[in-house]
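When reading the values below, keep in mind they use all heavy atoms of this one structure, side chains included, and skip hydrogens, waters and symmetry mates. Numbered from 1 within each chain, the chains take letters A, B, ... in sequence-line order.
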Amino acid sequence: MENNFAKKLIEWYKINLRDLPWRKTNDPYKIWVSEIILQQTRIDQGTPYYLSFINKFPNVKKLSESTLDELMKVCQGIGYYNRIVNMHKCAKIVVIEYNSNFPTKYSELIKLPGIGDYTASAISSICSGESKMVVDGNVIRLFSRLYNLNYQQHSSIMKKTIKKIGEKEILKFNSGDFNQALMDYGSMICSPKKYKCDKCIFSKSCEAFKFDIVDELPVKKKNITISQRFFNYFVVIDKSLKVKIHKRKEKDIWNNLYEFELLETNNKISVKDAETYLEEKHQRLSFKKKHQLSHKLTHQVLSIDFWIFEVDEVFKYGIDLPSLNNYPFPKPIFTIISKIQ
DNA sequence: TTCCAGGACA
DNA sequence: TGTCCTGGAA
């Protein structure tokens, strides 16, 4: 065990802390927004979203009054959209049950949708000084190396073990600083690949460094199965240059985002197949062109064909191409929209 | 081109 | 315990 772990860590933090927008505030609403946006998202990628989010929804009341579509549009491209849906639910609850005062106690936060142990610990330690230790990916990496913990990363036994070690340390100082210091240290020094053991102030007592197994920790889970899917999107453009879109509502990827008419198949289809499929619904259609791309998700690879057709009719609920920019779309669909506009 | 990081929830 | 997504690094 490293002597004065918390003291050294916080001294390091005071000198090396990153100047991030959400570190200038103690407003629990803003801290919450930053924590949700940074879930599963790197700081570089998340920061622009945080800034435009706060600009558009400066407080929880404004957020609760927005429509889900507006909210999703602001977050288009961020990924893991269920967290955004949960933010909307959470904002409405805070307005009603907490009179728009965002809670700062762990016991209240943990009950809100989209807030788990990590986020509740982060907000409560930063905003009300509660001694709840955050255990995110950075902390898991740091501790698994310092103490040579061989449990699978992200397992509950791993998190429990780390909290047990850390909970004595967090009591000694400002718990918000301690938590942010932990995560900064894990991300800046004890990084996944380019770990900087030469700069690490704990390397003398680090088990992984001692046994030269830093690159073997933390132990990763392997062999996830990846399925291949074939999506066919029909972009049918009518006489007034309008198209039809709808919101995805299935229990599947991209829930609550918009898309064109979709036909999922077991294999790639031909132009003839596409025409045959559309002929049942439209008369006098002409095939214009096909865009194709491949899109990878964690557990599936999507082979997506976009079939662009023109038809000799006028849709009742069509949307003109420039107005598509007002709707939230998954990344690959938005890529194609930019091409056809 | 492939690999990989990163919390909540059913 | 598997599934949500994206983009940067290798």
*Asks:* Got more than 12 heavy atoms from elsewhere within 6.0 Å of OH, A/Tyr151?
*Replies:*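 Incorrect, the count does not exceed 12.
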*Asks:* Should A/Lys193 be listed as having a side-chain N or O under 4.0 Å from OP1 or OP2 of C/dA9?
*Replies:*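 Looking at the OP1 and OP2 atoms of C/dA9, neither is under 4.0 Å from any side-chain N or O of A/Lys193.
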*Asks:* Using the ring of A/Phe57 (Phe, Tyr or Trp, six-membered ring only), decide whether A/Lys62 places NZ or CZ under 6.0 Å from its centre and within 45 degrees of its axis.
*Replies:*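 No, A/Lys62 and A/Phe57 do not form such a contact.
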*Asks:* Please report, rounded to the nearest Å, how far the C1' atom of C/dG7 is from the NZ atom of A/Lys331.
*Replies:*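 Rounded to whole Å, this separation is 8 Å.
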*Asks:* Looking only at side-chain N and O atoms, does A/Ser323 offer a donor or acceptor that is under 3.5 Å from a partner on A/Asp320?
*Replies:*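 A pair is found: one side chain offers a donor N or O, the other an acceptor, under 3.5 Å apart.
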*Asks:* Ignoring backbone atoms, establish whether A/Lys220 has a side-chain N or O less than 4.0 Å from OP1 or OP2 of B/dA5.
*Replies:*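 So the side chain of A/Lys220 is within the cut-off, an N or O lying under 4.0 Å from OP1 or OP2 of B/dA5.
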*Asks:* Would you mind reading off the distance between A/Gln152 atom CD and C/dG2 atom P, rounded to a whole angstrom?
*Replies:*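 Whole-Å distance recorded here is 9 Å.
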*Asks:* Would the number of heavy atoms belonging to other residues, nucleotides or ligands and lying under 6.0 Å from CG of A/Asp198 be above 12?
*Replies:*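 It does: A/Asp198 CG has more than 12 such atoms within range.
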*Asks:* To the nearest Å, how far apart are A/Tyr81 OH and C/dT6 C1'?
*Replies:*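 The answer, rounded to whole Å, is 8 Å.
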*Asks:* Would you mind reading off the distance between A/Ile78 atom CD1 and B/dG6 atom C1', rounded to a whole angstrom?
*Replies:*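 To the nearest whole Å, that distance equals 12 Å.
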*Asks:* Regarding A/Ser270 and A/Asp273, is there a side-chain donor-to-acceptor distance under 3.5 Å anywhere?
*Replies:*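 A donor-acceptor contact under 3.5 Å links the two side chains.
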*Asks:* On the nucleotide C/dT3, are OP1 or OP2 found under 4.0 Å from the side-chain N or O atoms that A/Trp254 carries?
*Replies:*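 So the side-chain polar atoms of A/Trp254 never come under 4.0 Å of the phosphate oxygens OP1 or OP2 of C/dT3.
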*Asks:* Enumerate all atom pairs, one protein N or O and one N or O from nucleotides 7-10 of chain B, separated by less than 3.5 Å.
*Replies:*
unit_1	atom_1	unit_2	atom_2	d
B/dG7	OP2	A/Gly137	N	2.9
B/dG7	O5'	A/Gln40	OE1	3.3
B/dA8	OP1	A/Gly116	N	3.0
B/dA8	OP1	A/Thr119	N	3.1
B/dA8	OP1	A/Thr119	OG1	2.3
B/dA8	OP2	A/Tyr118	N	3.3
B/dC9	OP1	A/Gly114	N	2.3

*Asks:* So, is A/Arg42 close to the B/dC4 phosphate, meaning a side-chain N or O under 4.0 Å from OP1 or OP2?
*Replies:*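 False: A/Arg42 side-chain N/O out of range (4.0 Å or more) of B/dC4 OP1/OP2.
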*Asks:* Quick one: A/Tyr195 OH to B/dC4 P, roughly how many Å, whole number?
*Replies:*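 For the pair A/Tyr195 OH and B/dC4 P, the rounded distance is 14 Å.
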*Asks:* For C/dA10 and A/Lys194 - does any side-chain N or O of the residue sit under 4.0 Å from the phosphate oxygens OP1/OP2?
*Replies:*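 For C/dA10, OP1/OP2 do have a side-chain N/O of A/Lys194 under 4.0 Å.
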*Asks:* Starting from C1' on C/dT6, measure out to NE2 on A/His295 and report it in whole angstrom.
*Replies:*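 Spelled out: NE2 on A/His295 to C1' on C/dT6 is 7 Å.
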*Asks:* Side-chain atoms of residues 113-130 of chain A: list all donor-acceptor pairs with protein atoms under 3.5 Å, sequence neighbours left out, distances to 0.1 Å.
*Replies:*
unit_1	atom_1	unit_2	atom_2	d
A/Asp117	OD1	A/Tyr106	OH	2.6
A/Asp117	OD1	A/Lys163	NZ	3.1
A/Asp117	OD2	A/Lys163	NZ	2.7
A/Tyr118	OH	A/Glu35	OE1	2.7
A/Thr119	OG1	A/Gln39	NE2	3.0
A/Ser121	OG	A/Asp117	O	2.7
A/Ser124	OG	A/Ala120	O	2.8
A/Ser124	OG	A/Ser121	O	3.3
A/Ser125	OG	A/Ser121	O	2.9
A/Ser125	OG	A/Ala122	O	3.1
A/Ser125	OG	A/Asn179	ND2	2.9
A/Ser128	OG	A/Thr104	O	3.1
A/Ser128	OG	A/Ser124	O	3.0
A/Glu130	OE1	A/Tyr106	N	2.9

*Asks:* CD1 of A/Ile43 versus C1' of C/dG7: gap in Å, rounded?
*Replies:*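 Checked: the CD1 to C1' distance equals 15 Å.
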*Asks:* Can you tell me how far apart CD1 (A/Ile336) and CG (A/Leu293) are? Round to the nearest 0.5 Å.
*Replies:*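 A/Ile336 atom CD1 to A/Leu293 atom CG measures 4.5 Å (nearest 0.5 Å).
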*Asks:* Atom CZ of A/Arg83 and atom C1' of C/dC4: how far apart are they, to the nearest Å?
*Replies:*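 For the pair A/Arg83 CZ and C/dC4 C1', the rounded distance is 10 Å.
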*Asks:* Quick check: on DNA chain C, is the nucleotide nearest A/Asn255 upstream (toward 5') of the one nearest A/Ser155, or the reverse? Name the residue that is more 5'.
*Replies:*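 Residue closer to the 5' terminus by nearest nucleotide: A/Ser155.
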